[in-house]
Amino acid sequence: MCKYNIILYLVLPFFLLLSSFSLRCNAVQSDIDCLKSIKDSLEDPLNFLNSTWKFDNQTEGFICKFAGIECWHDDESRVLSISLPDMGLKGEFPRGIKNCTSITSLNLSSNEIYGTIPSDISKLIEFTIMIDLSSNQFSGAIPTNIANCSFLNSLKLDNNNLEGPIPPEIALLGRLKNFNVANNMLTGPVPLFINSSFPPESYANNSGLCGPPLPLCVTERVVSRHTLFACGFVTGWSLFTVLGIYLFFFGLPGVKKMLLFINKRTKVMVIDGNEWPQREEVNNDPKILKMEKIVTRMSFMELSKATLNFSKANEIGNGMLGKVYKALVPNGWTVAIKRFHVSEDLEEEFVSEITTLGSLRHPNLVPLIGFCYERDERILVYKYMPNGNLHEWLHSTDDKARLLDFPLRVKIVLGVAKALTWLHDGGNFHVVHSNISTQCILLDENFDPKISNFWEATLAKTNDIDSNLSLFPIVECLDFTTYKKDVYRFGVLLLELLTRKESYILSCSSLNLSSSSFASPLDVDKLLLGQGYDNMVMQLLELASNCMKFIPDQRPTMQQVYQIASAIARVHDQTGGSEIQLHLD
């Protein structure tokens, strides 16, 4: 018996070692199969995956050198994280990801992935801590099964086409600290999370959502109304008693005067010298009903109250279309409210902004939150951008411009180029902005650029555009030169960023930036020189020059511009010996 025990003790370690080696080999192969499947299932028009994901290497850990892949250890092919944002990838959610059994983080944001989120997603990525599927084209419902990903700390599904309710089971995710479903088509009550609460911005631009921190749902309003009814009944009974006594003693004429007085006191308010009813009747104008399908309608009284009756103290801008005010609306959002000048000539611009910008969702477009259409008032409500517009930063003072260092300026260039590329060929639509300039590039708290001012935009008609939403003439198609107008104006914007010369000077100048010297009437901004980026500055100057060529045929497309700018941002600076570090997502 002792003899057999000794043999067992000697053999067992070797058996365990062999088993461990076998499992590890299987795990390695499954992760390789996982990445092969992802590469095969997604279109890669920008050639990001095809250029780096090479599977002919059999050395341990070779997949850990793939773009967007992070492993647990560099010498062990077990995928920890997949991060492929903003790579132009197309296709449905890659189900082959289930073979990456050790993955804890997945980021597929800002691509063109469509279809539904898998109903069994927790079986595919069960142990993930972070899921980011934002800024894609996902449709359908948020699957209830996602609540089984019990380790989730962050879930981002914003800027898609998701519809239906937010599954209440998600509220049971006790580790969740970051949650965003803004800019979808979701409906129903907001879940009451057990360990966290999220701001209104996490649910923005889902007109069907309700409940804290958003406005109350219908059922909650009914409860409030019951309470109000009880109070109102007591008050009303007392009032009618007084009226009855008054009628008995003074007769009908006195009652009429009293009712007129009450009506005037309770239903009329004076604003800007005009009487406004406190509760505007619902307008059934077909034009308004169509606009309400795109953007939430807001009342004039609500916006007037938020801006302290459009006071000068709240004014933050004054442009060709109207004045802009900063305000805090009841749901807690800080917004920018553009009150159009009273003019029939601006009706088309007002409708154009709603029809185009209101229908678009992209990280580099300013979100249009609501509109007001009452009497002569035409008002648009946007998300507030705390850093103002790019023109102010470039041309106000040297101190402000100095804060816009070269990496930050390149970040802005890439964001604008990415948005224009998406607008020109978004798949189901084609939009030409027509008025790109530093004045219409707004900057959020992270200096991410947001394109605004779509009142001159042109929207091309496709089979996927709902004709019922057409509030003004939409062209059947856009010709080649129309797109190239945006390319030209982008070139002017790029030059303005590099030289800090006003756009009207740049547009009227003929440049020859092909030489390696600065022998040009438009010298590069002195704040950029000698910082280790001179070679990259010259490459961007050449790109701007190509965008501004006189013959539209000779200008690149915006997709080519974005690819070139991205490559310049990644390339090693031969003269300065340093590499610019930018997050291109």
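All values reported here derive from a predicted model rather than from experimental measurement. We number each residue from 1, following the sequence as shown. Below, all heavy atoms of this structure are taken into account, side chains as well, without hydrogens, waters or symmetry copies.
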Could you check Ile316 against Tyr325 for side-chain contact (heavy atoms from CB on, under 4.5 Å), going step by step and ending with a plain yes or no?
-> CA-CA 5 Å; Ile316 57 174; Tyr325 301 85; 5.7 Å; no

Flag the pair Asp31 and Lys36 as a salt bridge only when some basic side-chain nitrogen lies within less than 4.0 angstrom of an acidic carboxylate oxygen.
-> no

Electrostatic pair Asp448:Lys411 at N-O distance under 4.0 angstrom = yes

Considering residues, nucleotides and ligands other than Lys326, do more than 12 of their heavy atoms fall under 6.0 Å from its NZ?
-> no

Is any side-chain heavy atom of [X] less than 4.5 Å from a side-chain heavy atom of [Y]?
| X | Y | value |
| --- | --- | --- |
| Val335 | Lys383 | no |
| Arg555 | Cys547 | no |
| Phe447 | Leu390 | no |
| Lys338 | Ile379 | no |
| Phe490 | Val416 | yes |
| Ser154 | Leu176 | no |
| Cys100 | Ile82 | yes |
| Phe62 | Ile32 | yes |

Do we see a donor-acceptor contact under 3.5 Å between the side chains of [X] and [Y]?
| X | Y | answer |
| --- | --- | --- |
| Gln559 | Thr557 | no |
| Arg378 | Tyr373 | yes |
| Asn145 | Ser119 | no |
| Glu353 | Tyr382 | yes |

What distance do [X] atom [atom1] and [Y] atom [atom2] have between them, rounded to the nearest 0.5 Å?
| X | Y | atom1 | atom2 | value |
| --- | --- | --- | --- | --- |
| Asn111 | Leu42 | CG | CG | 8.0 Å |
| Glu112 | Leu89 | CD | CG | 9.0 Å |
| Thr101 | Ile125 | OG1 | CD1 | 13.0 Å |
| Asn453 | Met320 | CG | CE | 8.5 Å |
| Glu163 | Asn206 | CD | CG | 11.0 Å |
| Ile146 | Ile117 | CD1 | CD1 | 5.5 Å |

Side-chain donor or acceptor of [X] paired with backbone N/O of [Y] under 3.5 Å:
| X | Y | value |
| --- | --- | --- |
| Asn184 | Leu157 | yes |
| Asn159 | Ser134 | no |
| Asp486 | Ser434 | yes |
| Asn389 | Leu442 | no |
| Asp40 | Ser37 | no |
| Asp120 | Lys123 | no |
| Asn435 | Ala457 | no |
| Thr52 | Phe48 | yes |
| His391 | Thr438 | no |
| Asn183 | Arg361 | no |

Can the ring centroids of Phe198 and Tyr203 be said to lie less than 6.0 angstrom from one another?
-> no

Using 30° and 60° as the class limits, which term best fits the ring planes of [X] and [Y]: parallel, tilted or perpendicular?
| X | Y | answer |
| --- | --- | --- |
| Phe350 | Phe371 | perpendicular |
| Phe138 | Phe93 | tilted |
| His362 | Trp422 | tilted |

Taking all atoms of both residues into account, what is the closest heavy-atom pair of [X] and [Y], and its distance?
| X | Y | answer |
| --- | --- | --- |
| Asp44 | Met87 | OD1-O, 4.3 Å |
| Val410 | Ala569 | CG1-CB, 3.9 Å |
| Ser207 | Thr296 | CB-OG1, 3.9 Å |
| Arg95 | Pro118 | NH1-CB, 3.7 Å |
| Gly415 | Pro449 | CA-CG, 3.8 Å |
| Met130 | Ser105 | CE-OG, 3.1 Å |

Could you go step by step and tell me if Phe55 and Phe66 meet the ring-ring contact (aromatic ring centres under 6.0 Å, His included) rule?
-> CA-CA 10 Å; Phe55 291 92; Phe66 287 0; 5.2 Å; yes

Before giving the answer on side-chain contact (heavy atoms from CB on, under 4.5 Å), spell out for Leu368 and Val381 the whole-Å C-alpha distance, their side-chain angles and the decisive distance to 0.1 Å.
-> CA-CA 6 Å; Leu368 178 62; Val381 182; 5.8 Å; no

Please walk me through it: do Ile142 and Ile170 pass side-chain contact (heavy atoms from CB on, under 4.5 Å)?
-> CA-CA 10 Å; Ile142 300 174; Ile170 289 181; 4.0 Å; yes

Quick one: do Asp86 and Lys418 satisfy salt bridge (Lys or Arg N to Asp or Glu O under 4.0 Å)? Show the steps, please.
-> CA-CA 9 Å; Asp86 192 27; Lys418 179 172 66 173; 3.7 Å; yes

How far apart are the C-alpha atoms of Asn364 and Ile451, what are their side-chain angles, what is the distance that settles it, and do they pass the side-chain contact (heavy atoms from CB on, under 4.5 Å) test?
-> CA-CA 6 Å; Asn364 295 112; Ile451 300 178; 5.5 Å; no

Tell me whether the guanidinium CZ or amine NZ of Lys39 lies under 6.0 angstrom from the six-membered ring centre of Trp53 and within 45° of its axis.
-> no

Arg175 charged N/C atom sitting above Phe151 aromatic ring, 6.0 Å / 45° = no

